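Everything on this sheet refers to the single structure shown next.
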Amino acid sequence: MENQGHGSLGKFKPFFATIFMQVGLAGMDILSKAALNQGMSNFALVVYRHAIATVVMAPFAAILDKKVRPKMTLPIFIKIMVLSLLEPVIDQNLYYVGMKYTTATFAAAMYNILPAITFVMAWILRLEKVNLRSIRSHGKVVGTLATVAGAMVMTLMKGPVLELFWTKGRINHEAAAKNGTDIHDTIKGGLMITVGCFSYACFVILQAITLDTYPAELSLTVWICLLGTLEGTIAALIMEKGNAAIWAIKWDTKLLTAAYSGIVCSGLGYYIQGVVMKDRGPVFVTAFSPLCMVIVAIVASFILAEQMYLGRVIGAIIIIAGLYLVLWGKSKDYKSPPPLIEQQLEPAKIDMANNEKDSFDHQAITIDATRRETSIRDEKLQEKSDSIPV
């Protein structure tokens with residue numbers, strides 16, 4: 001019973017880990033927006049973020065992955081270089097720049113097309129099982145589309161304002177006054193965020209492929225952060241044209257943002273994503289990404305006193321329903337791990353003991369029957385000898 005309870009608890013670990021990752025990303029969005037508003041360069045933020053993640057995660061990888069870390073080969077190193085270019089450099093910089101051209105809400109909404117992109121790419125590469133005759137596959141397809149639709153509704157459909165007791169009388173007039181941006185900036189920012197989504201989807205798919213040949217999640221995380229720091233530094237020097245002022249940092253929100261996003265989102269985020277992905281696949285990981293927007297909307301209503309609209313609530317409900325459909329569709333894809341060796345040997349030992357006992361009983365019965373036949377034969381011989389006249 002104890003093992004059964006532990007096994008049932010283990011089934012929920014991927015859910016808890018992925019939700020934790022989305023909560024961490026929601027905190028990063030709020031801190032990053034504050035740091036960028038204070039004039040921090042997005043290129044410097046990316047470099048500091050992954051430099052801190054490398055320093056923090058390297059000791060754990062050196063100790064914990066010592067026995068499982070495979071030998072580094074040139075094909076694996078090339079894959080890691082591409083990984084560090086796709087997400088730390090291309091995706092994050094495009095996301096931050098797209099946010100500058102548009103708004104944080106628009107950027108978060110556009111990013112929720114990630115599950116659909118990842119699902120299609122994983123389907124093409126045969127990393128995701130899809131059987132059009134199966135109702136569960138239909139659930140995965142409809143659920144993925146629902147999460148994207150819910151995110152769009154959450155952003156584009158405002159509706160009436162919902163007066164919450166913790167936001168009553170506390171309106172962020174600066175955010176309310178910013179109704180929109182120029183149409184050209186919106187298109188430019190939307191294209192950048194869309195390209196960033198494709199880049200991150202490619203990162204997730206390639207990470208799943210790389211883990212097959214390099215199954216050391218911590219070490220892979222450190223390599224991605226280290227090479228991402230180096231490649232991000234080169235990108236920053238080129239894009240900022242040698243401006244040394246962007247590297248200035250103090251004990252303020254900028255440093256907090258770099259440390260938080262580096263440790264929680266890059267260090268722990270890449271590691272958790274890799275561990276969950278090995279069991280549940282890349283689509284499972286990205287299916288939770290719309291939750292980040294829901295969390296941001298709730299937290300922002302507390303911290304930033306942003307107004308809650310009916311459209312956001314309806315969109316959140318659609319997102320949760322779509323997420324449930326995806327998880328329901330993938331529930332049959334997961335195969336429980338094989339039982340322990342001791343548990344496998346225990347029934348064999350019982351069978352061997354039973355066989356030995358049966359064999360012993362059979363031998364005992366055979367010996368008793370032989371002795372009985374011998375004694376009967378002796379008695380008959382004795383009777384014959386007694387009946388012969390002298």
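Model, not experiment: these values are computed from the prediction. Heavy-atom basis, side chains included; hydrogens, waters and symmetry copies ignored.
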Subject >> Side-chain donor or acceptor of S32 paired with backbone N/O of D29 under 3.5 Å >> reply: no

Original post:
Are the side chain of Y48 and the backbone N or O of G262 linked by a donor-acceptor pair below 3.5 Å?
Top reply: no

Subject >> Residue pair E217 / L211: nearest heavy atoms and the distance that separates them >> reply: CG-CD2, 4.1 Å

**OP:** Please test L227 against F77 for side chain to side chain contact (heavy atoms under 4.5 Å, CB included), starting from the C-alpha separation and ending with a verdict.
**Re:** CA-CA 10 Å; L227 295 179; F77 186 75; 4.1 Å; yes

Subject >> Donor-acceptor contact below 3.5 Å, side chain D65 vs main chain L218 >> reply: yes

**OP:** Compare all side-chain heavy atoms of I52 with those of Y260 and state whether any distance is below 4.5 angstrom.
**Re:** no

**OP:** Grab the two heavy atoms, one from A17 and one from V276, that are nearest each other, plus how far apart they are.
**Re:** CB-CG2, 4.1 Å

Subject >> From CD1 (I246) to NZ (K241), nearest 0.5 Å >> reply: 13.0 Å

Original post:
Minimum heavy-atom separation for E87 to S199, with atom names?
Top reply: N-OG, 4.4 Å

Original post:
So, does R49 use its side chain to make a donor-acceptor pair with the main chain of P88 at under 3.5 Å?
Top reply: no

Subject >> Closest heavy-atom pair and its distance - K254, G39 >> reply: NZ-C, 4.4 Å

Original post:
Would you say the side-chain atoms of T257 pair up with the backbone N or O of L31, donor to acceptor, closer than 3.5 Å?
Top reply: yes

Subject >> Between NZ on residue K79 and CD1 on residue I224, distance to nearest 0.5 Å >> reply: 12.5 Å

**OP:** Could you state whether L206 and M81 fall into the same hydrophobic cluster, counting links through intermediate Ile, Leu, Val, Met, Phe, Trp or Tyr residues with side-chain heavy atoms under 4.5 angstrom apart?
**Re:** yes

Original post:
Would you call the rings of Y270 and F203 parallel, tilted or perpendicular if under 30° counts as parallel and over 60° as perpendicular?
Top reply: tilted

Subject >> Connected via hydrophobic side-chain network under 4.5 Å: L325 and V141 >> reply: no

Original post:
Are L220 and Q207 side-chain neighbours, meaning at least one heavy-atom pair lies under 4.5 Å?
Top reply: yes

**OP:** Might you point out which heavy atoms bring K71 and I76 nearest each other, and give the distance in Å?
**Re:** O-CD1, 4.1 Å

**OP:** Using atom types as modelled and distance alone, determine if a side-chain donor or acceptor of Y96 lies under 3.5 Å from a backbone N or O of S41.
**Re:** no

**OP:** Indicate yes or no: at least one non-hydrogen side-chain atom of Y214 is less than 4.5 angstrom from one of W223.
**Re:** yes

Subject >> Derivation and outcome, side chain to side chain contact (heavy atoms under 4.5 Å, CB included), residues I272 and F16 >> reply: CA-CA 10 Å; I272 293 174; F16 295 146; over 6 Å; no

Original post:
Has the side chain of E231 got a donor or acceptor atom that lies under 3.5 Å from a matching backbone atom of L85?
Top reply: yes

Original post:
In Å and rounded to the nearest 0.5 Å, what is the OG1 to CD1 distance from T229 to I234?
Top reply: 11.5 Å

Original post:
Given F60 and Y271, is the side chain to side chain contact (heavy atoms under 4.5 Å, CB included) satisfied, shown in steps?
Top reply: CA-CA 11 Å; F60 295 98; Y271 170 71; over 6 Å; no

Original post:
In Å, rounded to the nearest 0.5 Å, how long is the span from CD of Q22 to SG of C265?
Top reply: 9.5 Å

Original post:
V264 versus M28: any side-chain heavy-atom pair under 4.5 Å?
Top reply: no

**OP:** Examine F43 and V89 and state if one hydrophobic cluster contains both, with Ile, Leu, Val, Met, Phe, Trp and Tyr joined whenever side-chain heavy atoms are less than 4.5 Å apart.
**Re:** no

Original post:
Side chains of M239 and N93: does their closest heavy-atom pair fall under 4.5 Å?
Top reply: no

**OP:** Could you pull out the closest heavy-atom pair between V56 and P59, with the gap in Å?
**Re:** O-CD, 3.4 Å

Original post:
So how far is it from M192 CE to D91 CG, rounded to the nearest 0.5 Å?
Top reply: 13.5 Å

Subject >> Interatomic spacing from CG in L237 to CG in N243 - rounded to 0.5 Å >> reply: 10.5 Å

Subject >> Cluster check V82, V222: I/L/V/M/F/W/Y, side chain < 4.5 angstrom >> reply: yes

